[in-house]
Structures are given as C-alpha cells and as structure tokens.
Number of protein chains: 2
Amino acid sequence: MTLRSFSSGDFIGREGRSASTCAVLTRGFAVRQKLTGSGDRQIVSLHGPGDALNFQNAFLGVPDYDIRSVEDCVASFVDASAIRALAAERPAVARSLLISAFTEASTAREWMLNLGRRNARTRLAHFLCEYLDRISLQGHPADGKYELRLSQEQIGDATGMTAVHVNRMLKALQTETLIKQLGRFISVPNMYALMDAGEYNPRYLHLQESNA
Amino acid sequence: MTLRSFSSGDFIGREGRSASTCAVLTRGFAVRQKLTGSGDRQIVSLHGPGDALNFQNAFLGVPDYDIRSVEDCVASFVDASAIRALAAERPAVARSLLISAFTEASTAREWMLNLGRRNARTRLAHFLCEYLDRISLQGHPADGKYELRLSQEQIGDATGMTAVHVNRMLKALQTETLIKQLGRFISVPNMYALMDAGEYNPRYLHLQESNA
DNA sequence: CGGGACTTTGACTTCGTTCAACCATAGTGG
DNA sequence: CCACTATGGTTGAACGAAGTCAAAGTCCCG
C-alpha cells in the first residue's frame with residue numbers, strides 16, 4: 001500500500017489505460033469524468049475522503065473514466081490483485097464491495113434522471129443537495145457556511161450545463177432565497193426548501209444501509 | 001425459484017417498496033425507469049434475456065427504480081437471501097456479481113455522458129448502437145432488419161428527449177442514410193458509420209471481459 | 001502593481017419543446 | 001366485412017430554455 005499526493009487538477013487515474021492498482025481517497029475532493037469526441041466534459045461522480053475511486057480495476061479491464069482531483073488530494077493505492085484475493089477469501093469484503101458497487105450504480109441512475117429529465121434550476125438544486133450531503137460526511141461547519149470547492153465550470157460539467165448558465169441559475173436560487181452565496185461559500189437557510197426545489201431524496205445514496 | 005409471466009407494460013419490480021426477491025429475465029425485453037416529481041420518465045437501462053434485473057435487492061434496501069416490461073416477458077425469481085448465501089459461500093458467485101454490478105455502473109456513466117453532453121442526433125445514434133448490440137446477443141437477423149421494440153416515446157424516455165424530437169432525429173439519420181426504417185424495423189447499411197455518428201465504443205459494456 | 005483564473009452580465013442564436021392537427025395501422029365488435 | 005377506436009407515427013408553426021459570444025468585473029497571489 002502506497003500513499004501518493006496530488007495537486008488540484010491532477011489525474012489520479014486515467015481512462016483507457018489498464019490499471020493494476022486500486023485507490024482510496026484519503027484526503028481532499030475528487031471527481032470521475034468522461035469526455036465526448038468533441039472534448040466536452042461530463043463529471044459522473046463526486047468523491048471525498050474514504051471513497052473507493054476505482055475498485056472496478058480489480059474486476060474489469062480498462063477503466064472507462066478519468067479520476068481528477070479538484071483540490072490537493074492524497075490517495076492510497078493497493079494492488080488490484082490484493083483486492084481480488086481479499087474478496088475471494090473474505091466474504092465480508094466481497095459483500096462490502098458489492099454494496100459499494102450497487103450504491104454507485106444507484107447514484108448514477110439518479111444522475112441520469114437529473115440530466116435527462118429535469119430543468120437546469122432543479123438539476124442544480126439537486127446537485128447542491130448531494131454535494132452538501134457528501135461534504136457534510138466530513139462534519140458540518142459551525143457557521144453553516146459550506147465551501148463550494150468546485151468552480152462554476154465544474155458544476156456545469158456535473159450538471160450538463162454551461163458555466164454561464166450555472167451562474168444564472170445560482171443567481172436564481174439566490175433570489176428565491178434557497179441559498180446564500182458569499183464568494184466561494186454558500187449557506188442554506190432552509191435545507192428542506194432546497195431539497196424540495198431539487199426533488200432531492202438522499203435515499204438513492206444508500207448511506208450505511210444494507211440487507212442482513 | 002419461480003417463473004412469472006408479464007405482459008407488455010407490466011411492472012416486474014417497483015421503486016420504493018422493499019423487495020426480498022431477485023429476478024433474472026428469461027424471455028422478452030425490459031427496462032428500468034425512474035420518475036421525476038412531475039411524472040417525467042427516464043429509462044436508465046435496457047435488459048434482455050439473461051440479464052439480472054435487480055440483484056441489488058440482495059444487498060441494498062428499497063430499490064430506487066421500477067422495472068417494466070416492454071413486451072411480453074418471463075422472469076425467474078429467487079429469494080434475495082439465497083443470493084446472499086451463495087455470494088457468501090462461493091467466491092466465484094460473488095465475483096460474477098461484482099463484475100455485473102461494476103459493468104452496470106460503467107454503462108450508467110456512458111449514459112450520463114450521453115444525456116449531459118451530446119446533442120440529440122448523436123445521443124440517438126449512440127442509443128441505437130447500444131440497443132442493436134444488446135439485441136444482437138440474441139442473434140442477428142438474416143435479413144439485417146432489426147425490430148425496434150421500443151416506441152418513439154420510449155426511445156425519448158431513454159435518451160432524454162420528446163417523442164416528437166425522436167421522430168425528427170430518426171428522419172435525420174435516415175436522410176443521412178445512417179439507418180433505413182421500414183415500419184417497426186430498421187436496418188443499418190454501415191454499422192461503423194452509425195457508431196461514428198453516435199461516438200459509440202462498446203468498450204464500456206465490458207462484454208465477457210474481466211481481470212484474472 | 002500586474003496577471004491569471006473565475007464570475008458576472010447582456011445581446012443574440014439555436015436546439016429542442018410544445019401544441020395541434022393529421023395520418024397509418026391494427027384490433028374489436030356488430 | 002366494415003365502421004369504430006386506440007395507439008403510435010408524422011408534420012408544421014410558434015415558443016422558450018439553454019447555449020454562445022463578448023466584454024467587464026472581481027479576487028487572489030506573486
């Protein structure tokens with residue numbers, strides 16, 4: 001097991017090149033992304049400390065996505081073969097890998113619904129809810145001000161819109177007093193109102209949930 | 001293990017209600033779908049004979065999607081607890097469940113890219129490629145005419161557009177001679193041209209692929 | 001103080017939706 | 001056998017949400 005540091009914007013893993021190693025994010029914030037033929041970017045998931053970034057490397061061939069740090073990060077790497085061996089020897093490990101893989105798929109489905117069938121305002125509100133939930137796992141700030149660690153461009157890449165439109169929709173949510181923005185920080189006066197605007201129900205994240 | 005038959009449009013499984021059983025599709029064609037608050041539908045995956053429809057029921061709580069037959073179907077049901085037991089006792093079973101779960105997630109990511117960052121024409125071409133690949137697993141028709149088993153409305157629900165626009169884009173693909181439409185059947189004069197138009201690379205399906 | 005990255009704003013364009021009408025086909029019952 | 005209905009496909013015109021382009025504005029950091 002090796003630790004490696006990355007600075008903002010670095011690739012922690014790359015699409016297309018077979019990788020014989022799996023990574024867990026131990027510090028910082030990272031995303032998975034894919035590119036279209038014309039170079040447009042789609043962010044397909046958000047990751048904080050503790051998240052497995054690419055355990056599929058232990059079971060599938062070449063990865064289908066890039067992993068990119070959004071701020072300075074530390075990740076710890078383990079041989080894919082070690083993960084495979086562990087999964088084969090310890091049913092509990094296999095089980096927790098399964099839970100995490102199914103949860104990833106579930107989150108992906110919610111994102112598909114978001115991208116395919118909701119308008120920009122709802123989509124953005126939904127994204128903010130998931131983002132806040134995710135970074136809240138690392139503790140709520142005392143003053144209720146969450147740092148928005150993604151640029152508006154990156155938020156656009158996650159929600160399928162342009163940076164300009166993200167800006168306008170953030171403004172719209174602000175005039176509705178669903179969020180308050182102070183530079184790179186936002187606070188949410190009424191979380192339930194924002195969840196409502198984003199049709200957000202965190203059930204799909206399957207947090208600490210599982211069957212006997 | 002029980003067999004059950006469904007007619008077109010039936011729910012094989014439903015979102016939100018905890019299910020203690022897992023299903024494999026044995027005949028027909030089905031989709032998974034999710035609904036927005038306003039009732040708009042998003043189809044999130046396609047399934048043919050042999051596909052596991054909801055093995056996540058064995059490891060997660062309530063399902064996050066509906067499963068609906070698109071034509072007459074037969075599915076075979078197994079107790080979720082039996083799947084759990086098998087996965088715990090037989091590493092090879094756990095491993096194949098993992099491969100299938102990771103593959104599902106991979107496909108979902110490609111759909112996200114499609115929905116979020118590609119225009120209607122490319123999106124539709126991509127969808128057709130995946131659809132044809134999927135039904136080709138059941139054998140190619142001798143005359144090269146594939147039955148389009150989804151209505152234009154359903155194709156729209158899968159690609160995030162309206163039925164009207166699906167119609168127009170199908171027409172567009174036809175005038176480009178990327179496809180030929182004859183009623184409910186289509187043929188593809190040059191598969192590579194269509195794949196190119198849809199930026200389609202089936203790698204993400206991870207067909208019969210895996211790591212040692 | 002200057003430069004770079006990010007945000008904000010406005011004017012204009014475009015892609016896809018909406019609405020409405022019409023057509024085609026297949027199934028049903030008299 | 002034929003009217004009758006239902007479902008799905010086709011087409012056009014008008015509209016609107018989001019994209020594009022371009023110019024300022026802000027903030028941070030060296």
Side-chain angles (χ1 to χ4, degrees), chain A residues 7-10 36 38-43 68-72 114-128 147-176 179-186 197, chain B residues 7-10 36 38-43 68-72 114-128 147-176 179-186 197:
Chain A
S7 38
S8 182
D10 281 356
T36 65
S38 54
D40 288 329
R41 185 186 324 278
Q42 177 68 44
I43 289 175
R68 267 189 106 179
S69 57
V70 155
E71 58 182 7
D72 292 356
N114 219 23
L115 290 166
R117 286 303 189 199
R118 297 206 254 245
N119 63 22
R121 174 183 167 274
T122 312
R123 217 148 73 217
L124 180 58
H126 190 283
F127 172 83
L128 288 174
E147 187 180 0
L148 208 44
R149 286 184 269 189
L150 300 170
S151 69
Q152 295 182 357
E153 174 110 40
Q154 290 169 321
I155 295 174
D157 287 341
T159 53
M161 43 193 178
T162 60
V164 172
H165 205 55
V166 169
N167 186 282
R168 291 197 243 261
M169 289 299 108
L170 280 172
K171 288 277 123 76
L173 293 180
Q174 252 178 305
T175 62
E176 293 182 74
I179 61 173
K180 264 183 223 147
Q181 235 190 315
L182 319 100
R184 235 177 142 70
F185 290 80
I186 65 167
Chain B
S7 38
S8 182
D10 280 358
T36 65
S38 54
D40 287 329
R41 185 186 325 278
Q42 176 69 44
I43 289 176
R68 269 189 106 178
S69 57
V70 154
E71 58 181 7
D72 292 357
N114 219 22
L115 290 167
R117 287 302 189 201
R118 296 207 254 243
N119 63 22
R121 173 182 167 275
T122 311
R123 220 149 73 217
L124 180 58
H126 189 284
F127 171 84
L128 288 175
E147 187 181 359
L148 207 44
R149 287 183 268 189
L150 300 170
S151 68
Q152 295 182 357
E153 174 111 39
Q154 290 169 321
I155 295 175
D157 287 341
T159 53
M161 44 193 175
T162 59
V164 172
H165 205 54
V166 169
N167 185 285
R168 291 197 241 261
M169 290 299 107
L170 280 173
K171 288 278 124 77
L173 293 181
Q174 252 178 300
T175 62
E176 292 183 74
I179 62 173
K180 263 183 222 146
Q181 237 190 312
L182 320 99
R184 235 177 141 69
F185 290 80
I186 65 167

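Chain letters run A, B, ... following the sequence lines, proteins first and then strands; every chain starts at 1.
The stretch residues 117-128 of chain B has no heavy atom under 4.0 angstrom from DNA chain D at all. Within residues 164-173 of chain B, the residues that place at least one heavy atom under 4.0 Å from DNA chain C are, in residue-number order, B/V164, B/H165, B/R168.
A salt bridge links A/D157 with B/R117: at least one charged nitrogen is closer than 4.0 Å to a carboxylate oxygen.
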Stepwise side-chain contact (heavy atoms from CB on, under 4.5 Å) check, A/L148 with A/L128: CA-CA 9 Å; A/L148 208 44; A/L128 288 174; 4.3 Å; yes
side-chain contact (heavy atoms from CB on, under 4.5 Å) evaluation trace for B/K180 with B/I186: CA-CA 5 Å; B/K180 263 183 222 146; B/I186 65 167; over 6 Å; no
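Atom CZ in B/R184 sits about 10 Å away from atom C1' in D/dT7, given to the nearest Å. Separating the CE atom of B/M161 from the C1' atom of D/dA18 is a distance of 17 Å, rounded to the nearest angstrom. If you measure from atom CG of B/L182 to atom P of D/dT10, you get 12 Å, rounded to the nearest angstrom. Rounded to a whole Å, the CD atom of B/Q152 is 5 Å from the C1' atom of D/dG9.
Atom NE2 of residue A/H126 and atom CZ of residue A/R121 lie 13.5 Å apart, to the nearest 0.5 angstrom. Distance CG/A/L173 to CD1/A/I179: 5.0 Å, rounded to 0.5 Å. If you take CD1 on A/I43 and CZ on A/F127, they are separated by 7.0 Å, rounding to the nearest 0.5 Å. For the atom pair CZ of A/R41 and CD of A/E153, the computed distance is 7.5 Å after rounding to the nearest 0.5 Å. To the nearest 0.5 angstrom, A/M169 atom CE is 8.5 Å from A/L124 atom CG.
Annotation for B/R184 and B/S151: closest pair NH2-N, 4.2 Å, computed over non-hydrogen atoms. Among all heavy-atom pairs drawn from B/Q42 and B/T159, the shortest one is NE2-N, 4.5 Å. The two residues A/R118 and A/N114 have their closest heavy-atom pair at NE-OD1, 2.9 Å.
B/G9 comes within 4.0 angstrom of no nucleic acid atom, judged by non-hydrogen atoms across all strands.
Taking a heavy-atom distance under 4.0 Å as the criterion, the stretch of DNA chain C touched by chain B extends 5' to 3' from C/dG16 to C/dC19.
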